[in-house]
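Below, all heavy atoms of this structure are taken into account, side chains as well, without hydrogens, waters or symmetry copies. Below, chains carry the letters A, B, ... as their sequence lines are ordered, and counting in each starts from 1.
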Amino acid sequence: MNREAVRHPGLNLGAAHGRDDEAAERVMFGFWVFLMSDAILFGMVFATYVTSVHATAGGPGPHQLYDITSVFVETLLLLASSFTFGMASLALKYGPGKGRLAGWMIATLALGIGFLALEVHDFTAMFAAGGVPSRSGFLSAFFDLVPLHGLHVAAGCVWLVCLLGQIARYGLDTQAKLGVMRLALFWHFLDIIWIMIFSVVYLAGLA
Amino acid sequence: MSIAGIFEHPLGRLGPDALPFWQMLQHPTEGNIINGCVATGAASMVVIGALVMVVLLTRYRRWGVLWSDWLTSPDHKKIGIMYVAIAFVMLARALIEAVLMRAQQAFGLSGGFLSPDHFAQLFSTHGTIMIFFMAMPFLTGIINYVMPMQIGARDVSFPVLNSISLGLTAAGAGLVMVSLVIGKFSTGGWFGYPPFTEASFSPGVGPDYWIWSLTLASLGSTLTGINFAVTIYKERAPGMTLMRMPLFTWTALCTSILMIFAMPPLTVATAQLALDRYLGFHYFTNALGGNMMNFANLFWLFGHPEVYILILPSFGVFSEVISTFSGKVLYGYRSLVMATMAITVLSFTVWLHHFFTMGQNANMNAAFGIASMLIGVPTGVKIYDWMLTMFRGRVRFTVPMVYSFGFILLFVLGGMSGILLANPSVDYQVHNTVFLVAHFHNMAVPGVLFGMLVAYHFWFPKAFGFRLDERWGMVSALCWIFGFMAAFFPLYVLGVMGLPRRTVAYSEASYVPLEWVAFLGALLILVALGSLLWQLRVSIRHRDENRVAAGDPWNGRSLEWATSAPPPEYNFAVIPSVEGRDAFARAKEEGCAYQSPDTYRDIELPRNSAMGPVTGAIGFALGFGLVWHIWWLVILSFLAAVTTLIVRGFARDTTRVVPADEVRREHLRWIAAVNATTAVSRVDECRPVNDGRARYEAIGVAP
Ligand code: HEM
Ligand SMILES: [Cu+2]
């Protein structure tokens, strides 16, 4: 057999990782299924947003509230973090050692925190301009969708720190490896959600 | 909420007026006294029940056993049994509420004895409990118990997650129970439509109890769905291809897929309603751009698939039972699988039929009406398959079969009334009348509930090692069937006569006779529940006569019957390899059942984990704090939840090993016991001589 069996969609650890690769099969598949469920969650929140765009009830709308420059920078940060996480995954698969992996993960963490900081800054500016969620159906829907993504990213950051802790404590054992692989999926998934938010909320809102 | 505020009101809005007898003491009018006594009686049942449990556990020193053998166990069989136990407790409560409602309506011409508010709480808790805390735990429990064994697995894919799901469900059920004692439950019905459930119209704690109990339960169900689906895809024994899976496993798979995709809309709907109520958002309010139609769409986008989550496992159970007790291969296996899949897909395309009257244009209604009628086709296919399975089989009139006959007859009727309702122009006439109540109970009771009771009778001997008493089972089954007919057929007529659902009192004297028939029917159902409990008692008392340790009391067909009763915690000493459908029936036919292999291997099992009960306790505390605005409790339990997850991430060494020697000893002991058991013919199936070994009998041959 010259091609390795693919145990689950996405980057496989490969036979060189032995039992860790075997253990990945059910865990990674389970995580994919979880992401499907999470995608429905976002889908519903998107639907709420799309049906509420015009429900501004005389309050401020997209043109008064969105700051496309800041959002563009956020997008770049998040895309860059997906790249760094991709590098982390490769470091996980091919090594050498755990230093390189940890380096790329810390870079990802920094980009993620940068994204969150900018996003909080955006929200503060919106609040100052009277864009609070209790103002209108539109703003409620906005603050359902965008912060939900933000909360996911924040959870991802906490998870990342925990994984670094696990790697420091136990080295790259099965659970740590599977943790990194799942977080990688999660992270890229959030990236895709963000692209949708960027297009549906910000670009369409300002168009 | 400021920091000072947290300490100013350490109990949030919890005060003495939360007690069920407070209002009656303050304003002792006749109405208040009656309602107060009913509520206090109910509350004391909860409190006394809990106290009796505590006393018994302490008296017999069972706390340790409860903790280490049950609550922290990751064994899918024990988790399944605990789910079913929850379901029975909740069934008892919801049924008593139903009888109370029927009693109120029987006397409803002169106003009855309950206040409108109290009546509204009754139908809201009854509906919420029956769906989320009776039917869901019941089917989750049965799938948990049976499915891994049917596919020849040792456990589900994620055993500790399984225990967490149970914890979350139990926490939700706990919140509903506590609402009887402290405060009031929602009056907004089981689907809690805003704007009525918004803070402006329902400022009390009721909708909050509803929101958080549902949120906890739906989180649990999402995780369960993921767990089951992964198990079925990844843990099947060698040779168990998808098209060789028992039909119950197929329905479990489809139900899990529905859970994965249908629970998130519910989570979103309840979360948004919570944001409206707690933080003044405007998703569903009347003013400032809120839109309640979003709630209706989100809720029923969950709600309709939900009814198929409930019914599919029952379809699976009936398929197994009818085939087993007819001594025949299931007719039309392939068509049953296709029908199940078709229903799964179609169930996402019909949600709008729950609000035909709420403002869409006629074309939209027509499209959804047609889609709704289409579901009748695959369901009809199933009915024919079951009947053809019985055709020329050797049908035994056991309790599960009696339920099955009741199911087939009644379910077809209920389906017919559903087809009527799927026609928007008919729906406009009977929408919101008790015609609808009759229709969905006609599906829920003979379909969901009977299916689960059949599962309980069918697999009980597997789980506990002895059969349930047939006589009391028969009494109970007949009471259920005839009680159901008496309780709900009148509602079809009353609905056409114009009686709206959720009516506490009415002024139309011609309703009274049929209301009384329905009330008597409800009483008969109460007798049915009583007989069910009595049956359990009788069966436990006579357990030694009815033991079936060899494990196969019904001449079963699928792999769960190929183990001892009760099975070892690892299910199979050696993972079976499967060559076709009905693996165990085939093995018996070929004379190669009950073999012992040459070598045994060590078996790795998950260690016990406190994650389940701990998550459950935290979820309960979080929900309770949110309901009563006890903010310090909310913060504390949130932090506890995060900490628990992080700590669990650092846990290693989570498995233990059962040595091969022990496996061999246990297996050989069972094989020896089987060999010492006389195989019985089906004529003696329900007699004490049936020790769980079936004699081989060709179809249709006399004993
Ligand atoms: C077995 C005996 C049962 C009886 C006697 C019974 C009786 C009732 C009654 C009297 C109502 C109120 C009808 C009205 O609005 O006028 C009701 C509502 C309801 N029942 Fe049952 N029920 C039974 C079983 C079930 C089961 C098994 C389920 C579900 C699995 C169920 C689910 C519901 C739901 C969802 C509602 C609607 C609550 C609402 O209006 O929000 N019931 N039932
Ligand atoms: Cu429906």
Side-chain angles (χ1 to χ4, degrees), chain A residues 7-8 25-59 132-145 147-148 155 158-159 161-163 165-166 168-170 173-176 178-179, chain B residues 156-158 161 219 221-223 225-231 233-235 256-257 259-269 271-272 275-276 278-295 297-299 301-302 348 642 645-654:
Chain A
R7 294 187 180 275
H8 53 84
E25 181 166 345
R26 72 163 70 129
V27 175
M28 296 311 290
F29 180 70
F31 202 73
W32 274 103
V33 178
F34 162 73
L35 287 183
M36 287 194 229
S37 194
D38 213 25
I40 303 288
L41 198 78
F42 274 107
M44 295 300 117
V45 179
F46 266 107
T48 309
Y49 179 82
V50 171
T51 52
S52 312
V53 189
H54 300 296
T56 49
V132 291
S134 52
R135 177 62 190 81
S136 68
F138 157 69
L139 280 158
S140 296
F142 175 89
F143 279 103
D144 200 12
L145 172 54
L148 182 68
V158 175
W159 188 2
V161 173
C162 294
L163 282 174
Q166 288 181 29
R169 170 99 162 68
Y170 300 107
D173 65 348
T174 316
Q175 288 197 41
L178 296 182
Chain B
V156 294
S157 286
F158 309 113
L161 187 68
L219 274 179
S221 298
T222 314
L223 298 176
I226 297 173
N227 211 341
F228 286 165
V230 175
T231 306
Y233 280 119
K234 293 292 176 191
E235 312 293 334
S256 316
I257 294 175
M259 285 184 187
I260 294 165
F261 292 118
M263 300 318 286
L266 175 66
T267 310
V268 170
Q272 292 182 339
L275 286 171
D276 273 4
Y278 284 81
L279 297 173
F281 281 44
H282 292 285
Y283 295 111
F284 316 123
T285 53
N286 287 342
L288 291 176
N291 180 0
M292 89 66 66
M293 284 315 292
N294 274 350
F295 186 92
N297 277 294
L298 283 173
F299 188 89
L301 205 50
F302 146 78
F348 280 104
V642 175
L645 281 180
I646 293 178
V647 170
R648 174 70 194 176
F650 277 84
R652 294 295 187 271
D653 190 23
T654 50

Kindly say whether the aromatic ring centers of A/Phe34 and A/Phe31 come within a distance under 6.0 Å. yes
Based on non-hydrogen pairs under 4.5 Å, which of B/Leu298, B/Thr267, B/Asn294 is most in contact with chain A? B/Asn294
Chain A heavy atoms under 4.5 Å from B/Tyr233: which part of the residue, side chain, backbone, both or neither? side chain
Mark yes when over 12 heavy atoms from residues, nucleotides or ligands other than B/Arg652 sit less than 6.0 Å from its CZ; otherwise mark no. yes
Heavy-atom pairs under 4.5 Å with chain A - which of B/Ile646, B/Thr222, B/Ile260 has more of them than the others? B/Ile260
So what's closer than 4.5 Å to chain A heavy atoms on B/Ile257: side chain, backbone, both or neither? neither
Side chain / backbone / both / neither for A/Phe42 at chain B, heavy atoms under 4.5 Å: neither
Which of B/Phe281, B/Phe261, B/Phe158 touches chain A most, by non-hydrogen pairs under 4.5 Å: B/Phe281
Kindly assign one of parallel, tilted or perpendicular to the pair A/Phe138 and A/Phe142, based on the angle between their ring planes and the thresholds 30° and 60°. tilted
Could you name each residue pair satisfying salt bridge (Lys or Arg N to Asp or Glu O under 4.0 Å) that touches residues 26-38 of chain A, not counting sequence neighbours? A/Arg26-B/Glu235
Taking every heavy-atom pair that is under 4.5 Å apart, which of B/Ala271, B/Pro265, B/Pro264 has the most such pairs with chain A? B/Pro264
Between A/Ala57 and A/Ser136 the two heavy atoms that sit nearest each other are CB-CB, 4.1 Å
